[in-house]
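Within every chain, numbering begins at 1; the chains are lettered A, B, ... in the order of the sequence lines, protein sequences first and strands thereafter.
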There are 2 protein chains.
Amino acid sequence: MQDTPPGRPTLETVARLAGVSRATVSRVVNGSTAVKPGVREAVARAVRELGYVPNPAARSLVTQRTDVVAFVLPEPATRVFSDDAFFPGVLRGVGEELEAADKQLLLLLASAPSSHERILRYVHGRTVDGVVLASLHGADPLPASLEALGVPVVASGRPLGPATFPYIDVDHAGGVEAAVRYLLQRGRARIATIAGPQDMVAGIDRLAGYRAALAGTDQEPLVAVGDFTRESGMVAMRRLLQEEPGLDAVFVASDLMADGALRALRQAGRRVPDDVAVIGFDDVEIARFTEPTLTTVRQPIAEIGRRLARQVLRRAAGEDIEPALVLPTELVLRESA
Amino acid sequence: MQDTPPGRPTLETVARLAGVSRATVSRVVNGSTAVKPGVREAVARAVRELGYVPNPAARSLVTQRTDVVAFVLPEPATRVFSDDAFFPGVLRGVGEELEAADKQLLLLLASAPSSHERILRYVHGRTVDGVVLASLHGADPLPASLEALGVPVVASGRPLGPATFPYIDVDHAGGVEAAVRYLLQRGRARIATIAGPQDMVAGIDRLAGYRAALAGTDQEPLVAVGDFTRESGMVAMRRLLQEEPGLDAVFVASDLMADGALRALRQAGRRVPDDVAVIGFDDVEIARFTEPTLTTVRQPIAEIGRRLARQVLRRAAGEDIEPALVLPTELVLRESA
DNA sequence: AAGGGGATTGAGAGCGCTCTCAAAACGCAC
DNA sequence: GTGCGTTTTGAGAGCGCTCTCAATCCCCTT
């Protein structure tokens, strides 16, 4: 019997059992090639026998890496985190990609505005190798602060101001334009829109797409603004109906709001799509279950997450990455338009 | 000018600037009382001036703590992660509580069954101080393996077999019984149920509650089984209608399935609640937006998350904790019943 | 058989922090 | 002033791992 010291086995323990030095065990554990097959096998056996697992803290201390990537969800996004399928979807994509790369996912749900300080502290303390930022509102100072600390940052969504850091986004305007053109092409004569918050690029760009599509026509834009929630969609739809009872189509900047809008339309006695055509944006699960089912602009949610992770990892590995990656959207036809 | 060494400041740097020893700086940073006010102030100033942030890896190496808690979402749960409000809701609760305790949240989304090994590795490597397990299916070997490694584990949901580890759950059966009793009391004469998966305690217990409520009556149980998704709720409802066209009420084991059931009822031309009363379970956001709005059994989702975190932290701190914590549920009356 | 060169291996120096233990400093009673 | 009991402070030993650098092997070549 080996007299194994008590407690978790360390490199030293393994080395002793295998009759080699710590350095050699380290080489085997980290897959270095410069180890003779026989020795490698003996070490591997010792590792297995002892159930050795490297201590990540010790490793980080010397490598200066942690193999951890933070996913930061700022306050406003946290609020809708469990009501919306978007962030969980992105998060899942990020998780998938990180798992594939054997990195860990640290989730920072900033439930209070004060969490900013906490986030910076983590990053400053080199707790993480990189940061994925979800959902930036307005002129968030966070990305700049992070960049200043020299940590790779990739954001979901183009920032409002000048982009001083890489981001992934989808072609909001293009997708919306296609959707509104589709409505025009089907003969809709009075197309309104329920826009998203105008302090978020997603809100702004989708509205811009709507305006762009209408620009070449004789239709005047008709806009109500919501905040991406169902309630706001309902309220906005009612307002639009009141303002323009004759509208026969509406592009809604999110599926959740579209669901609310459908409800308001139903309550107002309008038939969809006969009286009013509705097109949403996102293509989250609910779109397949509204009544009627929702025609919508699909954005590749999980793919956004995967790309975010991939870019931040590449950046952390010292690679240069594209300052922006814009993923395509796609009009998905269902019953509502 | 101080000649500050380049790179991140360490304890040493701070110590030199403040003219004290490393130990003293450590004491100040960690809030030990045994430091003279004057010295403490000088050290604090140096810390501020240098922007010193402790290196968590170095700290973990000696303290044997990481201040990280893992939230593990097994494969099946990951699949529904972005379509359901339950797990994101629990996760949010966990995040809140951990933030308050200044702990970090490591998210392990097990996208493949093979991730088990990965999870164990993290835990074994002492990457985390504790583990919160969400959604255990059947006889999952994971908690036992984790316990064996001596890591505090707290599960969301009572395990199927004998509970060898602490868990938090809600009073499924009690809540359902109350709901079905309510239906009985309102004169419903043929009450069916759409149950959840029978390899999950939530599925089993809710069905048991239904049976229990019917036990004292002359009604025979009428059961269809779903898997907590909307689709399965729709399918199950159709099956029930076919089997028993005369049913006048249905308790559905999740809001998402209830939403599907409502749709199936509408398509079958049944009015809710006039022809058929519907009660769901969960009280997620969608319950307030179905048509008609959904009467449902509320479970305190975020609170479950908070309790999970609290218990695992207490356990990690060496405290003894309750082997089980059962939170109450509550019938929320809306339009559907 | 000797010499050279690449392949393997091991010794040892940290990485930045905590914590024990002993020394130094201080306060106070006498 | 002396002595004793507290505080307060500092020195130094690791925590477990990686990585450089030098030593040792081995295998050819001549």
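A straight line from CZ of R59(A) to C1' of dG16(C) spans 18 Å, rounded to a whole angstrom. Rounded to an integer number of Å, the gap from L11(A) CG to dA13(C) P is 18 Å. Nucleotide dG14(C) holds its C1' atom 11 Å from the CZ atom of R22(A), rounded to whole Å. Between the CD atom of E12(B) and the P atom of dG10(D) there is a distance of 12 Å, given to the nearest Å. One atom, CG of L50(B), and another, C1' of dG16(C), lie 15 Å apart when rounded to the nearest Å. In this structure, the CG atom of N55(B) is 16 Å from the P atom of dC17(D), given to the nearest Å. One atom, CZ of R40(B), and another, C1' of dT7(D), lie 13 Å apart when rounded to the nearest Å. dC19(D) atom P lies 12 Å from atom CG of L61(A), rounded to whole Å.
With respect to R48(B) and E41(B), a salt bridge is recorded, a charged nitrogen being found less than 4.0 Å from a carboxylate O. R314(A) has a carboxylate O that lies under 4.0 Å from a charged side-chain N of E322(A), or vice versa, which qualifies the two as a salt bridge.
Considering only side-chain N and O atoms, S21(A) lies under 4.0 angstrom from the phosphate OP1 or OP2 of dG10(C). At the phosphate of dT18(D), OP1 or OP2 sits under 4.0 Å from a side-chain N or O atom of N30(A). For dT18(D), one of the phosphate oxygens OP1 or OP2 lies less than 4.0 angstrom from a side-chain nitrogen or oxygen of S26(A).
Of the candidate nucleotides dC17(D), dG10(D), dG10(C), dG10(D) has the atom lying nearest to any side-chain atom of T24(B). For V39(A), taking side-chain heavy atoms from C-beta onward, the closest of the listed nucleotides dT9(C), dG16(D), dG12(D) is dT9(C). Checking dC19(C), dT9(D), dC17(C) against the side-chain heavy atoms of A23(B) singles out dC19(C) as nearest. Out of dC19(D), dT9(C), dG16(D), the shortest distance to the side chain of K36(A) is found at dT9(C). When the nucleotides dG16(C), dG14(C), dG10(C) are ranked by their closest atom to the side chain of V20(A), dG10(C) comes out on top. Of the listed nucleotides (dG16(D), dT18(C), dC17(D)), dT18(C) has the atom at the smallest distance from the side chain of T63(B).
At most 12 heavy atoms of other shown residues, nucleotides or ligands fall within 6.0 angstrom of atom CG in D320(B).
Below the 3.5 angstrom threshold, one finds no donor paired with an acceptor across the side chain of R27(A) and the base of dT8(C).
Using a 4.5 Å heavy-atom cutoff, the side chains of E96(B) and L109(A) are not in contact.
V35(B) comes within 4.0 angstrom of sugar-phosphate atoms only, judged by non-hydrogen atoms across all strands, and of no base.
Residue A15(A) comes nearest to V25(A) through the heavy atom pair CA-CG2, 3.5 Å, listed as atom of the first residue, atom of the second, then distance.
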